[in-house]
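Below you will find the structure I want to go over with you.
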Amino acid sequence: MNSHSDTHRLGEFLKARRAALTPRECGLPTTDSRRVAGLRREEVALLAAISVDYYTRLEQGRVRASAAVLDTLTRALRLDEDQQSYLYEVAGRTDDLPRRTRRSVQQVRPAMRRLLAQLTETPALVLGRRLDILAWNRSAVALYTDFAAIPAARRNYLRLVFTHPAIRGLHREWEHDARDAVAAVRMEAGADPDDPELARLVGDLTLQDADFSTWWAEHRVNSATYGTKHYRHPLVGDLTLDCDTWSGSDDSGQRLMVLTAETGSASHDALRILSSWTADQAGAEPTKPRTP
């Protein structure tokens, strides 16, 4: 049940938190002469998108905060999880406290790994949160790169599309494919905006690539599960592949991405050549290609 609202403690907590923050921390303009050490009431109201009068009455204990206001104050005052819990408790809104998201370690299910291994002539990847590459088969190594040689922390599809020369150069329509990848991760960000790994990924790519920075700021989203990829492989030349993505039946957010070509097409023959090029296990050093 909701705890009883303690308007006095709520007001004291709000005042203490705004006193502990600086305008610079919150992205606000600063001036040389300030009568208060931290944020003014007007600045907190601005950050929380509420009126100054309403915020003043909150601090004075003359109004009860709604759950929506507590949510925006949590972000405006940069509260951590413990501080957020305390805020909702003294406001008498514990039933409205957002459920904390536990980000479990991403592990590929054994059945998914078996499926990858059985797709002998079809490049396939298991993608996790943020398009992290969790597993791959031999054909994916032959098409893209040796994923095992890439540090796990950097083994992310979006990152590689922008920063890995071989993968970037593989895409004949790089801008189209890169923007689709940005839109897919942008959509995921809407569901989990506080993911620290996502923040790190976006921060790194923003600094490294001006195109990424521009496209991320556009807020374009995309949940498409199929499409066509046009590649130019250094060994087998041009390929046109259908790209289909299936989500797992659990809530892990993992997806199986499979690339196929029409039977009898030049691209299908090229995939057969690439599959013969791989070694006996994914990630191993490939052998010299042979014609099927």
Side-chain angles (χ1 to χ4, degrees), residues 106 108-109 111-145 147 155-162 164 166-192 198 201 205 211-212 215-216 218-233 236-275 278 282:
Q106 301 187 91
V108 182
R109 294 169 53 237
M112 191 75 83
R113 289 193 180 278
R114 289 195 297 270
L115 179 58
L116 280 177
Q118 291 169 15
L119 295 172
T120 57
E121 294 184 358
T122 304
L125 303 169
V126 176
L127 303 174
R129 296 187 296 270
R130 307 169 297 269
L131 299 187
D132 288 343
I133 299 173
L134 306 182
W136 55 91
N137 64 2
R138 291 177 293 174
S139 294
V141 171
L143 177 63
Y144 287 108
T145 192
F147 293 109
R155 206 180 290 148
N156 173 275
Y157 184 81
L158 179 64
R159 184 189 295 276
L160 296 179
V161 165
F162 278 89
H164 193 286
I167 293 179
R168 180 167 179 149
L170 180 69
H171 292 260
R172 284 158 53 197
E173 298 180 352
W174 177 83
E175 180 175 337
H176 174 273
D177 295 343
R179 295 189 73 167
D180 275 355
V182 171
V185 175
R186 166 58 84 175
M187 186 160 189
E188 187 174 337
D192 192 7
L198 176 62
L201 172 66
L205 291 178
D211 285 331
F212 174 84
W215 298 337
W216 184 259
E218 290 176 348
H219 288 260
R220 176 172 171 260
V221 295
N222 182 9
S223 62
T225 58
Y226 63 90
T228 303
K229 301 287 188 185
H230 300 278
Y231 294 132
R232 177 158 293 150
H233 195 277
V236 296
D238 291 352
L239 301 107
T240 298
L241 304 177
D242 291 322
C243 180
D244 292 271
T245 306
W246 288 274
S247 297
S249 57
D250 55 14
D251 60 353
S252 66
Q254 293 180 12
R255 288 153 287 179
L256 177 66
M257 185 177 102
V258 179
L259 295 152
T260 60
E262 183 179 354
T263 302
S265 66
S267 294
H268 181 258
D269 292 340
L271 286 182
R272 293 180 61 202
I273 293 172
L274 287 176
S275 68
T278 55

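Since we're looking at a predicted model, the values are computed, not measured.
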Give a yes or no answer on whether the side chain of D132 reaches the backbone of L134 with a donor-acceptor pair at less than 3.5 Å.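 No, the answer is negative, given that no donor and acceptor are paired below the 3.5 Å cut-off.
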Is there side-chain contact between L271 and E121, with heavy atoms separated by less than 4.5 Å?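 No - every pair of side-chain heavy atoms lies 4.5 Å or more apart.
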Can you name the nearest heavy-atom pair linking H171 to Y157, along with the distance?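 Between these two residues, the closest heavy atoms are CE1-OH, 3.7 Å.
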Test salt bridge (charged side-chain N to carboxylate O under 4.0 Å, His left out) applied to E218 and R186, step by step: CA-CA 10 Å; E218 290 176 348; R186 166 58 84 175; over 6 Å; no
Does E173 come within less than 4.0 Å of K229, counting only side-chain N to carboxylate O?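 No, E173 and K229 are not salt-bridged.
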Hey, mind stepping through V221 and H219 against side-chain contact (heavy atoms from CB on, under 4.5 Å) and telling me if it holds? CA-CA 6 Å; V221 295; H219 288 260; 6.0 Å; no
Does the side chain of H230 reach to within under 4.5 Å of the side chain of T228, using non-hydrogen atoms?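 Side-chain contact under 4.5 Å: yes.
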When you compare the side chain of R168 with that of V161, does any pair of heavy atoms fall below 4.5 Å?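 When only atoms from C-beta onward are counted, R168 and V161 do not touch, as no gap falls below 4.5 Å.
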Which atom names give the shortest non-hydrogen contact between V108 and A135, and what distance separates them?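 Shortest heavy-atom contact: CG2-CB, 3.9 Å.
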For the pair R220 and D180, find out whether any cationic side-chain nitrogen is under 4.0 Å from an anionic carboxylate oxygen.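 The answer is yes: the pair qualifies as a salt bridge.
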Over all atoms of both residues, closest heavy-atom pair of S275 and S139: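 So the two residues come closest at CB-OG, 3.8 Å.
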Residue pair L241 / Y231, side-chain heavy-atom distance below 4.5 Å: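 Side chain of L241 against side chain of Y231, heavy atoms only: contact under 4.5 Å found.
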For R113, give me all partners under salt bridge (charged side-chain N to carboxylate O under 4.0 Å, His left out), at least two apart in sequence or on another chain.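 Expected list: none.
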In Å, rounded to the nearest 0.5 Å, how long is the span from CG of L131 to CG of L160?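 One gets 10.5 Å once the value is rounded to the nearest 0.5 Å.
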Interatomic spacing from CG in L256 to CG in L127 - rounded to 0.5 Å: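 Spacing of CG (L256) from CG (L127) equals 8.5 Å.
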Using side-chain heavy atoms (C-beta onward) and a distance below 4.5 Å, is Y144 in contact with L170?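 Yes, side chains in contact.
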Measure the spacing between CD of Q254 and CZ of R129 and express it to the nearest 0.5 Å.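 Q254 atom CD to R129 atom CZ measures 8.5 Å (nearest 0.5 Å).
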Do F162 and W174 have ring centres separated by under 6.0 Å?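 Close enough - the centres of the two rings lie under 6.0 Å apart.
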Go through the steps to decide whether T225 and W246 satisfy the test side-chain contact (heavy atoms from CB on, under 4.5 Å), and finish with yes or no. CA-CA 7 Å; T225 58; W246 288 274; over 6 Å; no
Shortest non-hydrogen contact from S267 to D238?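 Minimum heavy-atom separation between S267 and D238: OG-O, 4.3 Å.
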Give a yes or no on whether the backbone of L119 and the side-chain of N137 come within a donor-acceptor separation of less than 3.5 Å.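 Looks like yes, one N/O pair under 3.5 Å.
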Does the side chain of R130 come within less than 4.5 Å of L158's, by heavy atoms?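 Counting from C-beta outward, L158 and R130 never come under 4.5 Å.
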Any heavy-atom pair between the side chains of W136 and M257 that's under 4.5 Å?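 Side-chain contact under 4.5 Å: no.
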What are the two closest heavy atoms between A142 and L274, and how far apart are they?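 For A142 and L274, the tightest heavy-atom pair comes out as CB-O, 3.5 Å.
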Identify, with sequence neighbours excluded, every residue that meets salt bridge (charged side-chain N to carboxylate O under 4.0 Å, His left out) alongside E188.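 Result, salt bridge (charged side-chain N to carboxylate O under 4.0 Å, His left out) vs E188: R255.
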Could you tell me how the ring of F212 sits relative to the ring of W216: parallel (under 30°), tilted (30 to 60°) or perpendicular (over 60°)?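 Rings of F212 and W216: parallel, as their planes differ by under 30°.
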List the steps, then state whether side-chain contact (heavy atoms from CB on, under 4.5 Å) holds for H233 with V236. CA-CA 6 Å; H233 195 277; V236 296; 3.6 Å; yes
Would you say T240 and R172 make side-chain contact, with heavy atoms under 4.5 Å?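 A side-chain contact under 4.5 Å exists here.
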Rounded to the nearest 0.5 Å, how far does CD1 of I167 lie from CG of D177?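 That separation rounds to 12.5 Å.
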side-chain contact (heavy atoms from CB on, under 4.5 Å) for M187 and N222? Distances and angles first, verdict last. CA-CA 6 Å; M187 186 160 189; N222 182 9; 5.9 Å; no
Check: residues 258-265 side-chain donor-acceptor pairs under 3.5 Å, at least two apart:
residue : atom : partner : partner atom : Å
S265    : OG   : E262    : O            : 2.6
S265    : OG   : H268    : N            : 3.1

For residues L116 and L125, report the shortest heavy-atom separation together with the two atoms involved.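 Closest approach of L116 to L125: CD2-N, 4.2 Å.
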